[in-house]
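What's counted below: heavy atoms across the whole structure, side chains too, no hydrogens, waters or symmetry copies. In this chain, residues are counted from 1 in sequence order. On a predicted model such as this, the values are computed, not experimentally measured, just so you know.
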Amino acid sequence: MGDWYNVERVSQPGSVILAAALPALRQANAARRAGIVQGPLAVDGSMSMAEFSDWVSGLDSRATLNERSAMCVSSVYACVSLIGGALASLPLKFYRETTGGREEFKPDEWWLFNEQPFPCWAAAPAWEYSAWALLLQGDAFWRIHRASDRSPKIVGFEPLHPRTVEVLRVRDRLAYRVTAQPSQQSNGPTVVLDQDDVLHVPGPGFDGLRGLSQIRYALSTPGMIAMSADDYANAFFQNGSRPDYALQTEKNLDAGQIDNLRNQIADRHGGATKAFKPMVLSGGLKVAPITMTAADSQLIEQRRFQVEDIARIFGVPPFMIGHTEKTTSWGSGVEQMSIGFVKYTLQRHLVKFEQEINRKVFRYAGRFCEFATAGLERGDTKTRNEAYRIALGRAGEPAWMTVNEVRRRENLPPVDGGDELATNAAAVPQGTQQ
């Protein structure tokens, strides 16, 4: 078989051919980033295998948009950070059904979801990471770690990078082939997990295996346009905000004179540090600008539209990521804006997490979890006090909250006698017959 095919070589995990090609691909990537060559990025941890397949087959010429480059766009970063931060700030509460209604309790999983899901993860960054994976890659994965192979006791939840997970269908169940995380060695162990050992929250377009990647679909064109506009603006200001121009003359110049003139201008007047040096022209040369101005090319309007377009993809009102040019129709005040954001943007993600946790962690009715969104929906002091006054009951109106329930919402200690509902029955005038 020759020197190339031997037992030691083929026993290495992963693709031998791809591993041998990676150094050349990484070198090509470095040249691409430096602007030496043109073309899409290759596989070096910044592109998924699906994108790599499209690149090799020539199906996708926009493979430079990945989860890293997309986060370089300010509006994408703001939307992902806003949704991820809101998700991380919500406490996950657990309830159980009782004869008197539902009752809040704290199982062992409460600490994992609210404080530390895995030894190297705090809860807040884990939720933010899951939001990033869901919003950009189309799926969020958490591996469920148990006390032993035969124990149902859950001891940890490990967030997984979507590129390291391959979803397979085995009859009517799903299996997950998990390779090493990007931060680990590329030749790490591969494990296959049953669906009961993985929390899988898909995005829109779920086909039973994976959700659609926003980077490859919804963000493909808007993201590339936004990146191109940023590159154009960067190059424009690097050149001292000076437009391109041509030199006109009635004389005939040979190739040597043209090259010498071009090199002199590039050496003495190129770049932002030399942009304001005066240019001395002789021999009847005249400067004729040939580049459209920012107003003519509508660069400012285009960048504003891209903010609105990207915010529309994520379901985030533009004013919540700093785009305040237009007024909002969501009502007035922070309260109405927060309630609208929770209802129409955040809730669709929260429901998916809640249902997946309920069916994988508890597996039977009677116990369930819910995100507490009251903190995001809190109004100002006057609005809250008016709502509490109605809840405690007014003259002739029965109460539906106790004093201690109200105090608990305001993080105040209970008081004696505060657990009774007030009847607040209307007083009967004296002398009235019953």
Side-chain angles (χ1 to χ4, degrees), residues 67-68 70-71 76-95 104 106-145 154-165 176 178 181-183 193 197-204 206 210-211 213-215 311 313-316 320-321 338-339 341-362 367-378:
E67 69 269 17
R68 295 182 181 179
M71 291 294 283
V76 174
Y77 183 91
C79 290
V80 174
S81 299
L82 176 66
I83 297 177
L87 178 62
S89 66
L90 297 178
L92 186 63
K93 296 189 175 182
F94 294 83
Y95 302 92
E104 184 178 352
K106 289 186 177 181
D108 295 337
E109 291 79 11
W110 181 94
W111 172 266
L112 299 177
F113 283 113
N114 290 279
E115 297 295 339
Q116 180 178 287
F118 202 63
C120 59
W121 285 88
W127 285 113
E128 286 186 327
Y129 184 82
S130 298
W132 168 85
L134 177 62
L135 295 173
L136 294 184
Q137 297 288 343
D139 297 271
F141 299 97
W142 291 41
R143 179 181 177 180
I144 301 176
H145 289 268
I154 298 176
V155 296
F157 297 93
E158 180 186 7
L160 303 176
H161 196 290
R163 290 202 315 265
T164 66
V165 181
Y176 298 83
V178 182
Q181 297 286 47
S183 59
L193 304 173
D197 292 323
V198 176
L199 295 179
H200 179 191
V201 179
F206 179 64
R210 302 290 293 252
S213 170
Q214 285 85 336
I215 291 179
I313 293 173
F314 290 103
V316 174
M320 296 194 75
I321 57 173
S338 299
I339 293 175
F341 174 69
V342 172
K343 284 184 176 181
Y344 304 115
T345 300
L346 200 58
Q347 190 64 34
R348 63 185 182 184
H349 303 302
L350 301 183
V351 170
K352 294 178 182 179
F353 279 101
E354 292 170 354
Q355 291 182 351
E356 185 70 358
I357 294 173
N358 289 337
R359 78 188 191 102
K360 296 289 182 66
V361 175
F362 296 116
R367 294 190 176 189
F368 57 95
C369 66
E370 287 183 358
F371 285 96
T373 61
L376 294 180
E377 299 173 320
R378 287 167 62 95

message = In this structure, is the centre-to-centre distance between the rings of His200 and Tyr176 below 6.0 Å?
response = yes
Spacing of CG belonging to Leu346 relative to CG belonging to Leu90, to within rounding of 0.5 Å =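 Going from the CG atom of Leu346 to the CG atom of Leu90 covers 6.0 Å.
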Interatomic distance, Leu92 atom CG to Glu354 atom CD [nearest 0.5 angstrom] = 7.0 Å
Restricting to non-hydrogen atoms, name the atom on [X] and the atom on [Y] that form the minimum distance, rounded to 0.1 Å.
| X | Y | result |
| --- | --- | --- |
| Leu87 | Leu350 | CD1-CD2, 3.4 Å |
| Cys79 | Ile321 | SG-CD1, 3.9 Å |
| His145 | Glu158 | NE2-OE1, 2.8 Å |
| Val80 | Leu135 | CA-CD1, 4.0 Å |
| Val198 | Lys360 | O-NZ, 2.7 Å |
| Ile357 | Cys369 | CG2-SG, 3.7 Å |

inquiry  = Around atom NZ of Lys352, are there more than 12 heavy atoms from other residues, nucleotides or ligands closer than 6.0 Å?
reply    =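 More than 12 within 6.0 Å, yes.
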request  = Could you pull out all residues at least two apart from Phe314 that satisfy ring-ring contact (aromatic ring centres under 6.0 Å, His included)?
outcome  =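 Here no residue qualifies.
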ask   = For Phe362, what residues pass the ring-ring contact (aromatic ring centres under 6.0 Å, His included) criterion, not counting sequence neighbours?
value =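 Listed in chain order: Phe94.
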request  = Run the numbers on Trp111 and Gln116 for side chain to side chain contact (heavy atoms under 4.5 Å, CB included), then give the verdict.
outcome  = CA-CA 6 Å; Trp111 172 266; Gln116 180 178 287; 3.9 Å; yes
Would you indicate whether the side-chain heavy atoms of [Y] and [X] approach each other to under 4.5 Å?
| X | Y | answer |
| --- | --- | --- |
| Val76 | Leu136 | yes |
| Arg143 | Asp197 | no |
| Phe371 | Lys93 | no |
| Leu199 | Phe141 | no |
| His161 | Tyr129 | yes |

query = For Arg210, what residues pass the salt bridge (Lys or Arg N to Asp or Glu O under 4.0 Å) criterion, not counting sequence neighbours?
reply =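 Residues passing salt bridge (Lys or Arg N to Asp or Glu O under 4.0 Å) with Arg210: Asp139.
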task = Sequence neighbours left out, what passes salt bridge (Lys or Arg N to Asp or Glu O under 4.0 Å) with Arg359? Give chain and number order.
result =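 Per chain and number, Arg359 pairs via salt bridge (Lys or Arg N to Asp or Glu O under 4.0 Å) with Glu356.
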request  = Determine, stepwise, if the pair Leu160 / Trp142 fulfils side chain to side chain contact (heavy atoms under 4.5 Å, CB included).
outcome  = CA-CA 6 Å; Leu160 303 176; Trp142 291 41; over 6 Å; no
inquiry  = Using a 3.5 Å distance criterion without hydrogens, assess whether the side chain of Thr345 forms a donor-acceptor pair with backbone atoms of Gly315.
reply    = yes
ask   = Does any N or O in the side chain of Ser81 come within less than 3.5 Å of the main-chain N or O of Ala78, such that one atom is a donor and the other an acceptor?
value =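 A pair under 3.5 Å: no.
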query = Restricting to pairs with a member in residues 106-125, which pass salt bridge (charged side-chain N to carboxylate O under 4.0 Å, His left out), not counting sequence neighbours?
reply = Asp108-Lys153
Identify every side-chain donor-acceptor pair in residues 117-128 under 3.5 Å, counting partners at least two apart or on other chains, and give the distances.
from	atom 1	to	atom 2	distance (Å)
Trp127	NE1	Phe113	O	2.9

